[in-house]
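Have a look at the structure below before the remarks.
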Amino acid sequence: MPNDYSGNAAFLRSLADGLTPDPLMTVAEWADNYRILSGRAAAEAGKYRTSRTPYMREIMENLSPSSPVERVVFMKAAQTGATEAGNNFIGFVIHQAPGPILAVQPTVELAKRNSQQRIDPLIDDSEALRKIVAPARSRDSGNTVLAKRFPGGQLVLTGANSATGLRSMPARYVFLDEVDAYPGDVDGEGDPIALAEARTATFGHRKKLFLVSTPTIKGLSRIEREYEASDQRRYFVPCPHCGAMQWLQFERLRWEKGRPETAHYLCEACDAQISESSKTEMLAKGEWRATADGNDPRTRGYHLSALYSPVGWTSWAGIARSWEDAQHNDAALKTAKNVLLGETWMESGEAPDWQRLYDRRERWTPGIVPEKALFLTAGADIQKDRIEIDVWGWGRGLESWLVDHIVIEGGPDRPAAWAELTALCAKTWRHALGTPMQIVRMGVDTGYEAPAVYAWARGQGFDQVAPLKGVDGFNRLSPVSGPTYVDMTAGGKRIRRGVRLWTVAVSTFKSETYRFLRLERPTDEELAAGMTHPPGTIHLPAWAESEWCKQFVAEQLVTVKTRRGFQRLEWQKLRERNEALDCRSYARAAAWIAGIDRWSEDRWEALETELRDGVGAPRPRAGSVSSKQNTRPVSGARDGNWIGRRRGWIS
């Protein structure tokens, strides 16, 4: 009989393995016996030792089938060993308790990278796993970048931005990594954590979920919300002087100002100074204690800061130095709170005063791009009766200049409006060094009349135009995701996958803009003495009108409560018109897509050299209108003559 599994010995063995009772061995015991850390993926290669990070023992024990706990939540700082604990969980399941595993990263691309940099070494360097997971090069191995088959189960890796991947199979085990970087909604199907958790429904109380993340913004952080709904465990360690048990708090880390190497900890019971040399012994004698009554006894929540990081990883002196360096810099303080303390950052939602922006406008020749602005992006906001566009110049450290503000009369139903927008894509602005510049990339909002935007964008080509879809929420790790391919209709004909659409967490860029607007600026005397503006400084020209300035700060960030009683942050309008702020967000997204956040100093220097040498000036199409007018480049010049694209810098 065709497809008769009774004759398939391999299938029967896999089925039998999947039905065997769960082992009494814990994940921590398995790791100590079988796990080898690869030099390709770990800072400390060799045999895994739970004693190196003793606070991970209880967490891994609760990930073991012998524990009644079903949901383990870990809100943590960087450099605490959480990722390796998750890999131990995966390795244990493959070897000891086979079943379907779903491992989710923020994006599919990160899932692929994690597979190659973490999962492959996990399997290749642990003999116990190497024997039962066939290498990818084997014929019919079932082993690919995003799927690893083994007797009794399969590991599927996917991204939180893929609804298809999240609903791909039932899963007894789920590892959700860096959940604060997940999108708020995936492909219109809802929260990715809820989608992944729904995969475990058929396994009842035999399921295991491991949620891990460095927290981000208070009121929006998923991992903080999950932790606050748990029993909120802290790792208590004994004072080496008096023996009092306490959990380590940053407020009790002390050092002499300007001398972070003097960092020490003050015992909360006896006020004695504890040196970091005592930390290894303290960690070994520590224990987790619940500090709240959890809503569900099957959920355990853990929090850990970098103060607990093992000796040789993140030191107390390093934490003190990073904290000192971050002062007077909101972006750096935010990173320190998240990455070092494992705590959320409270965004300042107060809108800057528009009058202050108006008063500190700067004078430079209208139509000329300032010297430090090395490439241009634009943001276009489509309205019912007009299209508003702002052109921004960008320099090192995300310093930016408003170069132009254009209003095209007529909405998306007026062909002439699209023609004017097309002409704008070919327009040039003269740089202070004399070189003509074009818009490298334009971000166009698709929130109003998306079909018309799709049709126009497709006609321009997606190298210069990026259709954008704004979504709620913050995503510091990846504020722009995509592109995804969207069907469209043109001339009455449906074009499958006709548009490349980018998704933008606009809240991230709005908060960044407000943070940049609050930066302290050097005085004229300090500038004359050689001081420069801080990274991120936003420069507004003297021609910017009061209405534009009001639009630029037309929203504020407020905290609202959800139906479940949790807090979340939401941008709300202070006035009806906010096009300037929206256009800034779209232009910033275009700069992100162009790769500005990843450029090295060498790229900036080469770009500066090309501008100085006059390389990249666009030329009018042969036989077209006068070269004095703004026209499109000649055929083929779009890729060859744009500054920055010439060297393949623009992704």
Side-chain angles (χ1 to χ4, degrees), residues 27-28 31-60 74-89 91 114 117-118 121-122 125-126 177-178 212-214 234-241 246-250 252-256 259-267 272-288 302-326 332 335-343:
V27 173
D32 286 334
N33 281 282
Y34 296 103
R35 179 77 196 279
I36 303 296
L37 294 171
S38 169
R40 292 181 290 163
E44 297 179 358
K47 191 172 178 61
Y48 183 90
R49 295 174 293 128
T50 303
S51 58
R52 188 78 171 102
T53 52
Y55 48 76
M56 294 306 307
R57 184 179 302 279
E58 181 178 316
I59 292 174
M60 290 191 287
F74 192 19
M75 183 169 78
K76 51 82 181 182
Q79 293 290 308
T80 55
T83 298
E84 293 305 340
N87 291 338
N88 292 340
F89 176 40
N114 179 65
Q117 297 179 356
R118 297 281 190 174
L122 165 70
D125 295 328
S126 297
D177 199 13
E178 291 302 338
V212 178
S213 191
T214 302
R234 304 277 191 175
Y235 198 67
F236 283 69
V237 294
C239 169
H241 303 290
Q246 57 204 287
W247 64 274
L248 302 182
Q249 303 175 58
F250 176 70
R252 302 199 68 80
L253 185 69
R254 306 294 171 81
W255 65 93
E256 296 176 26
R259 297 187 61 202
E261 68 275 8
T262 63
H264 57 274
Y265 193 87
L266 287 186
C267 172
Q273 293 188 11
I274 302 173
S275 69
E276 191 164 18
S277 60
S278 301
K279 185 161 62 171
T280 299
E281 183 180 359
M282 294 165 64
L283 293 179
K285 295 179 179 179
E287 62 183 40
W288 287 102
Y302 300 87
H303 176 269
L304 204 73
S305 74
L307 292 171
Y308 292 92
S309 190
V311 174
W313 292 10
T314 302
S315 67
W316 288 352
I319 294 172
R321 184 175 296 106
S322 296
W323 191 259
E324 278 200 347
D325 292 345
T335 299
K337 286 272 285 187
N338 294 165
V339 174
L340 295 177
L341 307 187
E343 297 175 1

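- Heavy atoms only, all atoms of each residue included: R52 and P310 are closest at NH1-CB, 3.2 Å.
- Here the OG1 atom belonging to T280 is positioned 10.0 Å from the CE atom belonging to M282, to the nearest 0.5 angstrom.
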Working for side chain to side chain contact (heavy atoms under 4.5 Å, CB included), residues E256 and E261: CA-CA 8 Å; E256 296 176 26; E261 68 275 8; over 6 Å; no

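- Residues Y265 and L248 approach most closely at OH-CA, 3.3 Å, considering heavy atoms.
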Could you walk me through whether L266 and Q273 satisfy the side chain to side chain contact (heavy atoms under 4.5 Å, CB included) test, starting with their C-alpha distance in whole Å, then the side-chain angles of each, then the deciding distance to 0.1 Å, before giving a yes or no? CA-CA 5 Å; L266 287 186; Q273 293 188 11; 3.8 Å; yes

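- Heavy atoms only, all atoms of each residue included: A85 and M56 are closest at CB-CE, 3.2 Å.
- Side chain of E287 to backbone of F236: no donor-acceptor contact under 3.5 angstrom is found.
- The closest donor-acceptor contact from the side chain of R252 to the backbone of C267 lies under 3.5 Å.
- Smallest separation of non-hydrogen atoms from A45 and S38: CB-C, 4.1 Å.
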Set out, in order, the CA-CA distance, both residues' side-chain angles and the distance that settles side chain to side chain contact (heavy atoms under 4.5 Å, CB included) for R35 and T50, then state yes or no. CA-CA 10 Å; R35 179 77 196 279; T50 303; over 6 Å; no

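- Looking at W313, its side chain never comes within 3.5 Å of a backbone N or O of T80 through a donor-acceptor pair.
- No donor-acceptor pair closer than 3.5 Å links the side chain of K76 to the backbone N or O of G81.
- Here the closest non-hydrogen pair linking A306 and A78 is CB-O, 4.3 Å.
- Contact check for L304 versus W288: side-chain heavy atoms found under the 4.5 Å cut-off.
- To the nearest 0.5 Å, atoms CG (L253) and CD (E276) are separated by 8.5 Å.
- Annotation: the span from W323 atom CH2 to K337 atom NZ amounts to 6.0 Å, rounded to 0.5 Å.
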Could you walk me through whether K285 and V237 pass the side chain to side chain contact (heavy atoms under 4.5 Å, CB included) test, one step at a time? CA-CA 6 Å; K285 295 179 179 179; V237 294; over 6 Å; no

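- A donor-acceptor contact closer than 3.5 angstrom is absent between the side chains of H264 and R254.
- With Y308 contributing its side chain and Y55 its backbone, the two residues share no donor-acceptor pair below 3.5 Å.
- With rounding to the nearest 0.5 angstrom, the CG atom of L37 is 9.5 Å from the CG atom of L122.
- Between P238 and G286, the closest heavy-atom pair is CD-N, 4.4 Å.
- Relative orientation of the W255 and F250 rings is tilted, given thresholds of 30° and 60° on the angle between their planes.
- Formation of a donor-acceptor pair under 3.5 Å by the N338 side chain with backbone atoms of E343 is found in this model.
- Under a 3.5 Å cut-off, the side chain of K279 and the backbone N or O of I274 do not form any donor-acceptor pair.
- How far CD of E58 is from OH of Y302: 3.5 Å, rounded to the nearest 0.5 Å.
- Atom OH of Y48 is separated from atom CG of N88 by 4.5 Å, given to the nearest 0.5 angstrom.
- Enclosure of atom CD in E281 is not indicated, since only 12 or fewer non-hydrogen atoms of other residues, nucleotides or ligands lie within 6.0 angstrom.
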